Amino acid sequence: MNNKVSTIMASTMLLGVLAGCSQAPQANDSGATPVPTAAPTAAPAPAKAGKTTIQYWHSMGGKNGEYTDAMIKRFNESHPDIEVVGTFQGGYDEVVTKLQQSAAANTAPDVSMLERSFVQLFADADVLEDLTPYLKKSNLSTDDFVQGLMGHSTFNKKLVTLPLNRSTPILHVNKTMLDEKGLKVPTTWEEMKTVANALVIKENGAYKRQGLSMPFDDWYIIAMMTQSKGKFFNDEGTSVGFYDNGVGLKVFSYLKDLQNTGALFYPPTQDSGNIANQMFVDGKIGMLLQSTGSIGGMAQNAKFEYVTSFLPKNDVYATPTGGANVTMLASSKNKAAAWEFIYWLMTDPKGGQQFVIDTGYLPFTKKMVESKEIKELYAKEPNRKVAYDQLQYAIDTNKHLAWTPIVQEFRSAMQAIMYDNKDIQTTLTTFKNSADKLMKK
């Protein structure tokens with residue numbers, strides 16, 4: 001086992017102890033990480049006569065898994081010389097764990113879904129194929145893709161992933177509730193604080209209704225940092241980028257002020273996404289910071305006028321992105337067939353475009369955005385267009401080889417502040433010191 005693959009092994013072992021919430025049972029759009037299973041479950045399928053068989057690992061279970069199976073079936077039916085075998089390997093974190101194990105054992109799949117915040121770790125280990133020559137040979141360019149979704153695709157001047165199932169956090173709003181109070185959908189932090197407090201109903205010492213919620217997840221905190229012109233890591237990659245400028249203190253002070261007035265319901269860490277979603281649907285909160293991946297369920301279950309909006313700005317509008325990209329493993333023995341599958345996903349209307357329409361993820365190529373099908377979809381469901389429009393403000397600042405152990409420390413700091421009422425500045429100082437040490441390793 002080479003040293004770089006050993007680094008992947010060491011880093012991803014930490015996934016099992018990360019606290020987090022799941023945006024959906026099959027995958028975590030923000031990169032949150034429940035406990036992974038131990039080993040890959042795929043057994044390579046025997047190649048059919050005259051066909052090249054490629055293995056594709058993914059994180060799409062439930063309904064999205066059905067859409068993925070249908071997508072693979074469409075590819076196989078239109079490509080008589082290639083057989084794609086798709087295997088659900090669990091959530092994003094579980095795919096990461098299994099990929100590092102398979103890379104060490106030289107049993108990696110040909111193509112895999114890879115959560116965007118872990119791309120750098122695998123790229124640094126040289127286990128991902130450079131897709132640049134494949135793109136060039138196919139007359140494609142990185143300019144053909146939506147730029148707000150390309151932040152985790154190129155490392156060390158190599159194009160190692162392309163976007164697939166991607167999302168952003170947005171503001172979900174019970175407009176009926178706001179209208180009853182004569183309130184407008186907030187566009188700034190100050191407006192959001194005003195609206196959230198105005199929606200609070202307290203009876204007999206208990207909150208019957210609160211204004212705002214969000215899952216327990218670093219995704220939303222990082223969004224608020226970038227809205228305040230801060231960064232999770234500094235540009236040099238030597239420290240965090242929200243401590244010395246006071247942005248971290250500002251973000252957590254804002255949230256604690258809302259929490260202390262009852263305007264913010266901050267759910268428990270376990271199953272926090274589903275808890276917050278249910279409270280929103282039940283009318284127990286009026287606004288929710290949550291993934292675009294929740295739009296379908298909200299629209300189906302809400303008994304009120306439901307709208308979405310950009311994340312409110314502080315100094316500027318800004319949003320991180322989430323979800324996963326698709327990559328080819330450098331160890332693949334079937335690279336031509338693997339690229340044919342990826343190329344089809346990127347360019348064929350029956351590939352990634354239909355998957356986007358089916359699932360609710362974001363269109364990832366400019367041609368897709370301009371397609372008749374996507375335009376008709378957005379005209380019919382304007383709530384889904386909000387997330388795409390917000391991509392003009394996409395900023396990803398959590399790119400670092402030490403991301404995995406550092407986010408573990410950060411979530412511990414989040415818990416200390418939001419649940420245990422520990423002093424914000426003292427807690428962030430402790431976190432910064434730990435992060436600085438981890439970044440020097």
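Treat the numbers as computed from the prediction; the structure is a model and nothing was measured. By convention here, the first residue in the shown sequence is residue 1.
- For the residue pair K256 and N421, a side-chain donor N or O sits within less than 3.5 Å of a side-chain acceptor on the partner.
- Using a 4.5 Å heavy-atom cutoff, the side chains of Q354 and P349 are not in contact.
- Under a 3.5 Å cut-off, the side chain of S138 and the backbone N or O of L140 do not form any donor-acceptor pair.
- Between the T161 side chain and the T327 main chain, no donor and acceptor come within less than 3.5 Å of each other.
- The shortest side-chain heavy-atom distance between N325 and L164 does not fall under the 4.5 Å cut-off.
- To the nearest 0.5 angstrom, L131 atom CG is 9.0 Å from S153 atom OG.
- For S272 (side chain) and P215 (main-chain N/O), no donor-acceptor pair under 3.5 Å exists by modelled atom type.
- Qualifying side-chain contact (heavy atoms from CB on, under 4.5 Å) partners for T238, counting only residues two or more places apart in sequence or in other chains: N234, E236.
- The two atoms that bring W344 and K350 nearest to each other are CH2-O, 3.4 Å, heavy atoms only.
- A 4.5 Å side-chain heavy-atom check between F122 and L114 finds at least one atom pair inside the cut-off.
- Between the side chains of S239 and D436, at least one donor N or O sits under 3.5 Å from an acceptor N or O.
- The shortest side-chain heavy-atom distance between S213 and F280 does not fall under the 4.5 Å cut-off.
- Between the side chains of D396 and T321, at least one donor-acceptor pair of N or O atoms lies under 3.5 Å.
- Residue A318 comes nearest to I395 through the heavy atom pair CB-CD1, 4.0 Å, listed as atom of the first residue, atom of the second, then distance.
- In this structure, the side chain of T226 engages the main chain of A223 through a donor-acceptor pair within 3.5 Å.
- Residues V111 and A338 share a closest heavy-atom pair of CG2-CB, 3.6 Å.
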- Item | From CA spacing to verdict: side-chain hydrogen bond (donor to acceptor under 3.5 Å, both in side chains), N334, S332 | CA-CA 5 Å; N334 306 298; S332 171; 4.9 Å; no
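- Q290 and N277 form a side-chain donor-acceptor contact under 3.5 Å, judged by distance and modelled atom types alone.
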- Apply side chain to side chain contact (heavy atoms under 4.5 Å, CB included) to V160 and E129, showing your working. CA-CA 6 Å; V160 292; E129 184 78 359; over 6 Å; no
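- A heavy-atom distance below 4.5 Å is found between the side chains of S294 and H172.
- Although no hydrogens or angles enter the test, the distance criterion places no donor-acceptor pair under 3.5 Å between the side chain of Q210 and the main chain of A263.
- Taking the six-membered ring for Trp and the full ring otherwise, the centers of Y56 and F88 sit at least 6.0 Å from each other.
- In this structure a side-chain-to-backbone donor-acceptor pair under 3.5 Å is present from N383 to Y306.
- With values rounded to the nearest 0.5 angstrom, T427 atom OG1 is found 12.0 Å from Q415 atom CD.
- Nearest heavy atom pair, residue G322 against residue R116, reads CA-NE, 3.5 Å.
- Side-chain contact of Q89 with T87: a donor-acceptor pair under 3.5 Å is absent, judged by distance alone.
- Note: S112 OG to L99 CG = 4.0 Å, rounded to the nearest 0.5 Å.
- D282 places no side-chain N or O within 3.5 Å of a backbone atom of K284 that could act as its donor or acceptor partner.
- Each salt bridge (charged side-chain N to carboxylate O under 4.0 Å, His left out) pair with one or both residues in residues 171-184, not counting sequence neighbours, appears once here: K175-D179.
- In the model, T292 has no side-chain atom that pairs as donor or acceptor with a side-chain atom of R384 under 3.5 Å.
- Between E191 and T188 the shortest side-chain heavy-atom distance falls below 4.5 Å.
- Under the 4.0 Å criterion applied to side-chain N and carboxylate O atoms, E370 and K367 are not assigned as salt-bridge partners.
- Side-chain polar atoms of D271 and N274 form a donor-acceptor pair below 3.5 angstrom.
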- Query: side chain to side chain contact (heavy atoms under 4.5 Å, CB included) between L159 and T142: does it pass, once the steps are laid out?
  - Reply: CA-CA 9 Å; L159 179 71; T142 53; 4.1 Å; yes
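- Salt-bridge check for E376 with K372: passed, with a basic side-chain N closer than 4.0 Å to an acidic carboxylate O.
- Defined by atom type and a distance below 3.5 Å, a donor-acceptor pair is missing between the side-chain atoms of Q120 and D124.
- Within the 3.5 Å criterion, the main-chain N or O of G91 finds a donor-acceptor partner in the side chain of E94.
- Salt bridge annotation for K366-D144: absent, with no cationic side-chain nitrogen under 4.0 angstrom from a carboxylate oxygen.
- The side-chain heavy atoms of P363 and Y378, taken from C-beta on, include a pair separated by under 4.5 Å.
- With contacts defined as side-chain heavy-atom distances shorter than 4.5 Å, the pair M368/M346 does not qualify.
- Every residue two or more places apart in sequence or in another chain was checked for a side-chain hydrogen bond (donor to acceptor under 3.5 Å, both in side chains) with Y254, and none qualifies.
- Side-chain contact, Q227 with W189: a donor N or O sits under 3.5 Å from an acceptor N or O.
- A pairwise comparison of heavy atoms in L255 and L264 identifies O-CD2, 3.5 Å as the closest pair.
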- Can you check side chain to side chain contact (heavy atoms under 4.5 Å, CB included) on F233 and I406, steps first, answer last? CA-CA 10 Å; F233 294 119; I406 287 176; 3.7 Å; yes
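- In summary, the aromatic rings of F265 and Y207 are positioned with their centroids too far apart to meet the 6.0 Å limit.
- In this structure, F118 has its ring center at least 6.0 angstrom away from the ring center of Y92.
- In this structure, the side-chain hydrogen bond (donor to acceptor under 3.5 Å, both in side chains) partners of T261, at least two apart in sequence or on a different chain, are N197.
- The six-membered or imidazole ring of Y67 lies away from that of F355, with a centre-to-centre distance of 6.0 Å or more.
- Contact detail for F341 and I72: the closest heavy-atom pair is CZ-CG1, 4.5 Å.
- Side-chain polar atoms of S228 and D315 form no donor-acceptor pair below 3.5 angstrom.
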- Message: What verdict does the side chain to side chain contact (heavy atoms under 4.5 Å, CB included) test give for F310 and L171, after you've listed the backbone C-alpha separation in whole Å, the side-chain angles of each residue and the deciding distance to 0.1 Å?
- Response: CA-CA 6 Å; F310 288 3; L171 181 66; over 6 Å; no
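- Separating the CG atom in L311 from the NZ atom in K313 is a distance of 13.5 Å, to the nearest 0.5 Å.
- Partners of Y243 according to the ring-ring contact (aromatic ring centres under 6.0 Å, His included) rule, which considers only residues two or more places apart in sequence or in another chain, do not exist here.
- With sequence neighbours excluded, no residue forms a side-chain hydrogen bond (donor to acceptor under 3.5 Å, both in side chains) with N156.
- Here I170 contributes atom CD1 and Y388 contributes atom OH; the two are 15.5 Å apart, rounded to the nearest 0.5 Å.
- For the atom pair NE2 of H58 and OG1 of T68, the computed distance is 5.5 Å after rounding to the nearest 0.5 Å.
- You'll find the ring centres of Y134 and Y343 outside the 6.0 Å limit.
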